[in-house]
Amino acid sequence: MASDNVADLVGERGDREIWKVEEGKVREFANALGFDDPRCTDLEAARAAGLEGLLAPPTFATASTFWMRGAPPLRKAQFDRKRVLHGEQEFVYHRPLVSGMVLEGTPEIVDVKQKEGKRGGMMTFVTTEILWCERESGEPVVSTLSTILETAPAK
Amino acid sequence: MESPGFEDVEVGDTGPELVTEPLTRTDFVKYAGASGDFNPMHHDETYAQKAGRPSVFGHGMYTAGICSKAVANWVGISNMRSFRARFVSQVWPDDVLTVRQTVAEKTKTDDGNVVELDISVENQNGEIVMTAKSRVALPSRA
């Protein structure tokens, strides 16, 4: 059950994470989804296109969340695991994400919404954003916004 | 990869459809390994059935990845400015997914020539399993 003061969680942050974008991981991800773009799998093709590494597919950044070491700030919402769903996932691209980049980002809860479920009871939506920036230059590369929801309790 | 020019598309135009092969458990397992998402619901049949599901089902982000591929195939990854997927329904082994994309809006902004795409992913029964939106910047031919 979501904690009573769940709206107060906006601004809640997790630990700062470092993410090294590995070439093999980009290729594996592109292959798992069947991307034909040779810039995603062939370093020569990527370099010929002016990129310094393999070009990550558009949803690649979400994978970083499964390797993060820190506790996600969402944990403070105290959701009931049995009622948790991934509602929405958004990416905002600032520059091409390529292998070899070393990024840093800090997960932060940026939005909390509650609304009445169709069969009564409260549904809670929590959106966590990570703005990944290049560690050295501080230049933004990609933002991930993940909305997790807790469905209303069964009657 | 060649992308259409800003002048080449109009509101209401549709991009190329993407139709998958029937999905397999191997597809889900490959995605689990690639993404690091090892929720057993997506690869462990025994676990999924104990939880009351007929079988394992695909990661929502697997479907989102397929959906993003349709956009990338049309306009090119580096022209995408944003991508947002809404998870509607589950995707099962043997499902065949069709991704459709339509130009919803066209604007010239300081950020360039921006086109908003509305995208849907449908299974073989005509049920929508995902809706998505993508903002893309297209080069001007002018």
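No hydrogens, no waters, no symmetry mates; every other heavy atom, side chains included, goes into these values. Sequence lines set the chain letters: A, B, ... in the order given, protein chains first and strands last, and positions in each chain run from 1.
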Counting only heavy atoms not in [X] (residues, nucleotides, ligands), do more than 12 fall under 6.0 Å from its [atom1]?
X	atom1	answer
B:Gln124	CD	yes
B:Tyr47	OH	no
A:Glu136	CD	no

Review point. What's the verdict on side-chain contact (heavy atoms from CB on, under 4.5 Å) for A:Asn31 and B:Lys30, showing C-alpha distance, side-chain angles and the deciding distance?
Key: CA-CA 9 Å; A:Asn31 283 335; B:Lys30 277 168 76 177; 5.6 Å; no
Hydrophobic cluster membership, with links at side-chain heavy-atom distances under 4.5 Å among I/L/V/M/F/W/Y: are [X] and [Y] in one?
X	Y	value
A:Val110	A:Leu9	no
A:Phe60	A:Leu145	no
A:Leu85	B:Val88	no
A:Val84	B:Met41	no
A:Val6	A:Val10	yes

Of the non-hydrogen atoms in [X] and [Y], which two are nearest, and what is the gap between them?
X	Y	value
A:Cys40	B:Ile77	SG-CD1, 3.5 Å
B:Ser35	A:Phe29	CB-CE1, 4.2 Å
A:Glu88	B:Phe87	N-CD1, 3.7 Å
A:Phe35	B:Ser68	CZ-OG, 3.8 Å
B:Met61	A:Thr62	CE-CG2, 3.5 Å
A:Pro58	B:Met80	CG-SD, 3.6 Å

Rounded distance (nearest 0.5 Å) linking atom [atom1] of [X] with atom [atom2] of [Y]:
X	Y	atom1	atom2	result
B:Ser82	A:Tyr93	OG	OH	7.5 Å
A:Leu33	B:Thr20	CG	OG1	12.0 Å
A:His94	B:Arg81	NE2	CZ	11.0 Å
A:Thr147	B:Arg86	OG1	CZ	9.0 Å
A:His86	B:Asn39	NE2	CG	12.5 Å

Check your understanding: What part of A:Ala49 lies closer than 4.5 angstrom to a heavy atom of chain B: side chain, backbone, both or neither?
Key -> neither
**Study point:** Top contributor to chain A contacts, counting heavy-atom pairs under 4.5 Å, from B:Ser134, B:Gly65, B:Ala32
**Key:**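 Sorted descending by pairs with chain A, the first entry is B:Gly65.
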Review point. For B:Tyr62, is it the side chain, the backbone, both or neither that has a heavy atom under 4.5 Å from a heavy atom of chain A?
Key: both
Review point. A:Ala63, A:Gly87, A:Ala32: which one forms the most heavy-atom pairs within less than 4.5 Å of chain B?
Key: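 Ranked by contacts with chain B, first place is A:Gly87.
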Revision key, fill the gap. Max heavy-atom pairs within cutoff under 4.5 Å with chain B, candidates A:Arg95, A:Lys25, A:Glu90, goes to A:Glu90
